S.K.: 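Please see the structure below; I have some questions.
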Amino acid sequence: MADTLNVPPTDDFTAFTGLVSKQGEHLAPMVAWAGKECSDTDGLNGLLSAVKPIVPEVAQLLGGKLKQCQIGMGTVKDKVTTVDKELRSEDEKNATAIAKIIPDSPGISFDVSSVPGSSTLGNFTDEAVNLKAPDKPKTISKGLVGTLAAKHGISVDGSDKKGTGGGGLIWIADKAYKMVTGHSFIEQLFKPLLGDWDQLMYLHDAYDTLGDACYTVAGTLRKGSWKLGSEWNGDTAEAFDAYMFRWTMGLGGVGDAAKEFAKVCKEVYDLVVDAVKIIVSEIDSLIANEITELAKEAAKTVEGDVAIEAIGLGPEDPVADVVAAAWTGYRAIKIYKRVKAVLSAVNKIYTVYNGIKKTVEKVSEAKKQLESLLSDNSPWPTAGSLISDVEQRGFDFEKDGSWDPTAGVARVAMLPSAT
């Protein structure tokens with residue numbers, strides 16, 4: 001307990017409560033951002049379907065914590081305003097009434113006023129929170145995959161049943177392949193690629209932006225409470241310092257969680273880009289070689305007008321009808337060999353698809369890890385560590401490149417009750 005009581009002027013209490021109110025205003029669009037941009041699952045289809053239910057769950061988890069902080073800012077403002085009215089004399093004269101205002105923070109001992117030079121560090125200046133619209137590249141869905149489909153005259157979703165140009169030969173080969181295997185290689189090759197893979201980078205940007213916003217608000221609250229705390233000592237002052245220590249560290253932890261999920265989205269995306277490049281190259285080679293050869297063999301079974309029908313300009317299922325009547329045993333063997341070659345190449349490509357499937361599972365694992373970290377009972381950071389961080393890297397030290405969000409996520413547990 002301090003021997004001599006120092007109390008900030010009412011103007012500084014007012015400036016601080018104004019700053020706290022402003023942070024509540026910043027948090028409102030951040031809550032909305034979590035519910036919209038961070039929850040956007042548009043295009044998460046195909047192999048990405050497993051991600052679709054996870055993204056909103058993570059967004060809801062973080063959005064709930066941010067809502068807690070938003071409501072909490074009103075609580076902080078009211079408590080500090082009440083303290084300002086009550087605390088005009090020594091702590092001891094108002095101890096009973098004031099003790100009910102600022103809640104206890106067991107295990108935390110913090111006195112900003114005892115930090116050398118603390119009065120010159122903090123201020124009540126608000127910092128802008130920039131929620132920049134996420135950027136979505138066109139690398140995979142409209143780039144790699146779209147270019148491949150256009151090159152060979154087919155639709156990625158298989159909707160163009162006739163095909164044009166080179167696509168006509170592909171559909172002939174697909175008919176023959178399906179008669180032998182019972183499957184369509186077009187569906188086998190392209191169906192897993194359906195969906196908007198670039199949405200993963202959109203989500204990375206959305207969560208990364210939310211993380212930065214959390215760091216900004218936490219840093220602003222930190223420097224404001226530091227300024228007020230540097231002018232104030234006594235039991236109530238120390239309770240206030242510990243109380244705001246929990247708010248700022250907890251909110252910073254929410255930013256860490258957002259950053260961690262953003263990092264996973266990018267890691268998965270980068271791995272998927274590399275895998276899709278391999279797949280596109282393999283499919284391109286398969287179409288140019290094995291599939292083209294299969295199409296030629298299938299085309300040799302018909303002549304004249306029948307051949308025209310076989311590319312889809314005649315009966316509804318011309319190849320099936322013609323093959324049933326015209327294939328000789330010799331030709332059937334040739335077709336079978338060509339189909340076997342295509343099937344072997346398709347199976348090779350599917351090993352890459354299976355790799356993508358496992359990679360996408362990292363998103364689910366990230367959610368589980370976040371939930372584990374949020375419920376972690378690890379020891380909270382100490383006031384000493386905060387002082388060191390502020391002195392070395394400033395109030396928004398989480399924005400420093402050396403900060404480790406993985407280690408910081410557990411700080412979310414430090415958030416006080418919003419009431």
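A quick note: this is a predicted structure, and the numbers were derived from the prediction, not measured.
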S.K.: Examine distances only and state if a side-chain atom of Y207 and a backbone atom of A59 form a donor-acceptor pair shorter than 3.5 Å.
M.R.: yes
S.K.: Just wondering, do F185 and I349 contact through their side chains at under 4.5 Å, heavy atoms?
M.R.: no
S.K.: I'd like to know if R411 pairs up with E398 as an ion pair, taking the criterion as any Lys NZ or Arg NE/NH1/NH2 lying under 4.0 Å from an Asp or Glu carboxylate oxygen.
M.R.: yes
S.K.: Applying side-chain contact (heavy atoms from CB on, under 4.5 Å), run through L66 and L210 and close with a yes or a no.
M.R.: CA-CA 10 Å; L66 291 174; L210 184 63; 3.7 Å; yes
S.K.: So, do F240 and F16 have ring centers that fall under 6.0 Å from each other?
M.R.: yes
S.K.: Any chance NZ of K362 has more than 12 other-residue heavy atoms, nucleotides or ligands included, within less than 6.0 Å?
M.R.: no
S.K.: Below 4.5 Å, heavy atoms only, C-beta onward: do E57 and L61 meet side chain to side chain?
M.R.: no
S.K.: Do the side chain of T209 and the main chain of P134 share a donor and acceptor less than 3.5 angstrom apart?
M.R.: no
S.K.: How close do L294 and I335 get, heavy atom to heavy atom, and via which atoms?
M.R.: CD1-O, 4.0 Å
S.K.: With a 3.5 Å cut-off and no angle check, do the side chains of K227 and N123 form a donor-acceptor pair?
M.R.: no
S.K.: Would S21 and E25 count as a side-chain hydrogen bond (donor to acceptor under 3.5 Å, both in side chains) here? Give the steps.
M.R.: CA-CA 6 Å; S21 294; E25 293 176 14; over 6 Å; no
S.K.: Within the 3.5 Å criterion, strictly below it, is a donor on T216 or K399 matched to an acceptor on the partner's side chain?
M.R.: yes
S.K.: Donor-acceptor pair, distance only, cut-off 3.5 Å: does the side chain of S105 make one with the backbone of I108?
M.R.: no
S.K.: Is it the case that the side chains of Y243 and E238 hold a donor-acceptor pair, with the cut-off being a distance below 3.5 Å and no angle test?
M.R.: no
S.K.: Atom CG of L200 and atom CD1 of I140: how far apart are they, to the nearest 0.5 Å?
M.R.: 7.5 Å
S.K.: Between C265 and L203, which heavy-atom pair has the shortest distance, and what is it?
M.R.: SG-CB, 4.1 Å
S.K.: Return yes if some donor-acceptor pair links the side-chain N/O of T75 with the main-chain N/O of A418 below 3.5 Å, else return no.
M.R.: yes
S.K.: Could you tell me the separation between the SG atom of C38 and the CZ atom of F261, rounded to the nearest 0.5 Å?
M.R.: 9.0 Å
S.K.: Check the surroundings of atom NZ in K263: do more than 12 heavy atoms from other residues, nucleotides or ligands lie under 6.0 Å from it?
M.R.: yes
S.K.: Rounded to the nearest 0.5 Å, how far does CD1 of I101 lie from CG of D84?
M.R.: 10.5 Å
S.K.: Keeping S49 on the side-chain end and G46 on the backbone end, is there a donor-acceptor pair under 3.5 Å?
M.R.: yes
S.K.: Is a side-chain donor-acceptor pair under 3.5 Å present for Y269 with D198?
M.R.: yes
S.K.: Does L121 reach the side chain of S230, with side-chain heavy atoms less than 4.5 Å apart?
M.R.: no
S.K.: Using modelled atom types and a 3.5 Å cut-off, is there a donor and acceptor pairing between side-chain atoms of T351 and backbone atoms of K348?
M.R.: yes
S.K.: Before giving the answer on side-chain contact (heavy atoms from CB on, under 4.5 Å), spell out for M73 and L221 the whole-Å C-alpha distance, their side-chain angles and the decisive distance to 0.1 Å.
M.R.: CA-CA 10 Å; M73 292 304 97; L221 283 171; 3.7 Å; yes
S.K.: Which label fits W226 and F395: parallel for a plane angle under 30°, tilted from 30 to 60°, or perpendicular past 60°?
M.R.: perpendicular
S.K.: Between atom CG of L131 and atom NZ of K36, what is the distance when rounded to the nearest 0.5 Å?
M.R.: 12.0 Å
S.K.: Shortest non-hydrogen contact from I283 to Y353?
M.R.: CD1-OH, 4.2 Å
S.K.: Does any N or O in the side chain of N45 come within less than 3.5 Å of the main-chain N or O of L194, such that one atom is a donor and the other an acceptor?
M.R.: no
S.K.: Do Q392 and S388 have a side chain donor and acceptor closer than 3.5 Å?
M.R.: yes
S.K.: Looking at V363 and V264, what are the two nearest heavy atoms and their distance?
M.R.: CA-CG1, 4.1 Å
S.K.: Using atom types as modelled and distance alone, determine if a side-chain donor or acceptor of W33 lies under 3.5 Å from a backbone N or O of A206.
M.R.: yes
S.K.: Go through the steps for I287 and L169 under the test side-chain contact (heavy atoms from CB on, under 4.5 Å), then give the verdict.
M.R.: CA-CA 10 Å; I287 291 174; L169 288 175; over 6 Å; no
S.K.: For the residue pair I279 and V352, what are the closest heavy atoms and their distance?
M.R.: CG1-CG1, 3.6 Å
S.K.: N289 side chain to S285 main-chain N or O, any donor-acceptor pair under 3.5 Å?
M.R.: yes
S.K.: Compare all side-chain heavy atoms of M201 with those of H204 and state whether any distance is below 4.5 angstrom.
M.R.: yes
S.K.: Is there a side-chain hydrogen bond (donor to acceptor under 3.5 Å, both in side chains) between E297 and Y336 once you walk through the steps?
M.R.: CA-CA 10 Å; E297 287 295 337; Y336 176 77; over 6 Å; no
S.K.: If I take atom CG from residue L48 and atom CG from residue D196, how far apart are they, to the nearest 0.5 angstrom?
M.R.: 8.5 Å
S.K.: How about M30 and L27: do any of their side-chain heavy atoms sit closer than 4.5 Å?
M.R.: yes
S.K.: Closest heavy-atom contact between F245 and M414?
M.R.: CE2-CE, 3.5 Å
S.K.: So, the side chain of Q68 versus the backbone of P416: is there a donor-acceptor pair under 3.5 Å, distance only?
M.R.: yes
S.K.: In terms of heavy-atom contacts, does NZ of K136 have more than 12 from other residues, nucleotides or ligands at under 6.0 Å?
M.R.: yes
S.K.: Charged N to carboxylate O below 4.0 Å: is that the case for K266 and D270?
M.R.: yes
S.K.: Are I102 and K79 side-chain neighbours, meaning at least one heavy-atom pair lies under 4.5 Å?
M.R.: yes
S.K.: First locate atom CD1 of I356, then atom OH of Y350, and finally report the distance between them rounded to the nearest 0.5 Å.
M.R.: 11.0 Å
S.K.: So that I can tick it off, tell me whether R338 and E290 are bridged by a salt bridge, with the cut-off set at under 4.0 angstrom between side-chain N and carboxylate O.
M.R.: no
S.K.: Check the pair E365, Q369 against side-chain contact (heavy atoms from CB on, under 4.5 Å), reporting the backbone distance first and the verdict last.
M.R.: CA-CA 6 Å; E365 294 169 4; Q369 183 178 14; over 6 Å; no
S.K.: Can you confirm whether W232 sits close enough to V112 that some side-chain heavy atom of one is under 4.5 Å from a side-chain heavy atom of the other?
M.R.: no
S.K.: Taking the side chain as C-beta and beyond, is there a heavy-atom pair between Y202 and D135 under 4.5 Å?
M.R.: no
S.K.: Verify whether one side chain among S402 and R393 offers a donor that lies under 3.5 Å from an acceptor in the other.
M.R.: yes
S.K.: Does the side chain of W403 pick up a donor-acceptor pair with the side chain of D256 at under 3.5 Å?
M.R.: yes
S.K.: Does CD in Q60 sit with more than 12 non-hydrogen atoms of other residues, nucleotides or ligands closer than 6.0 Å?
M.R.: no
S.K.: Going through the distances and angles, do E361 and K357 end up as a salt bridge (charged side-chain N to carboxylate O under 4.0 Å, His left out)?
M.R.: CA-CA 7 Å; E361 290 174 357; K357 188 176 181 180; 5.9 Å; no
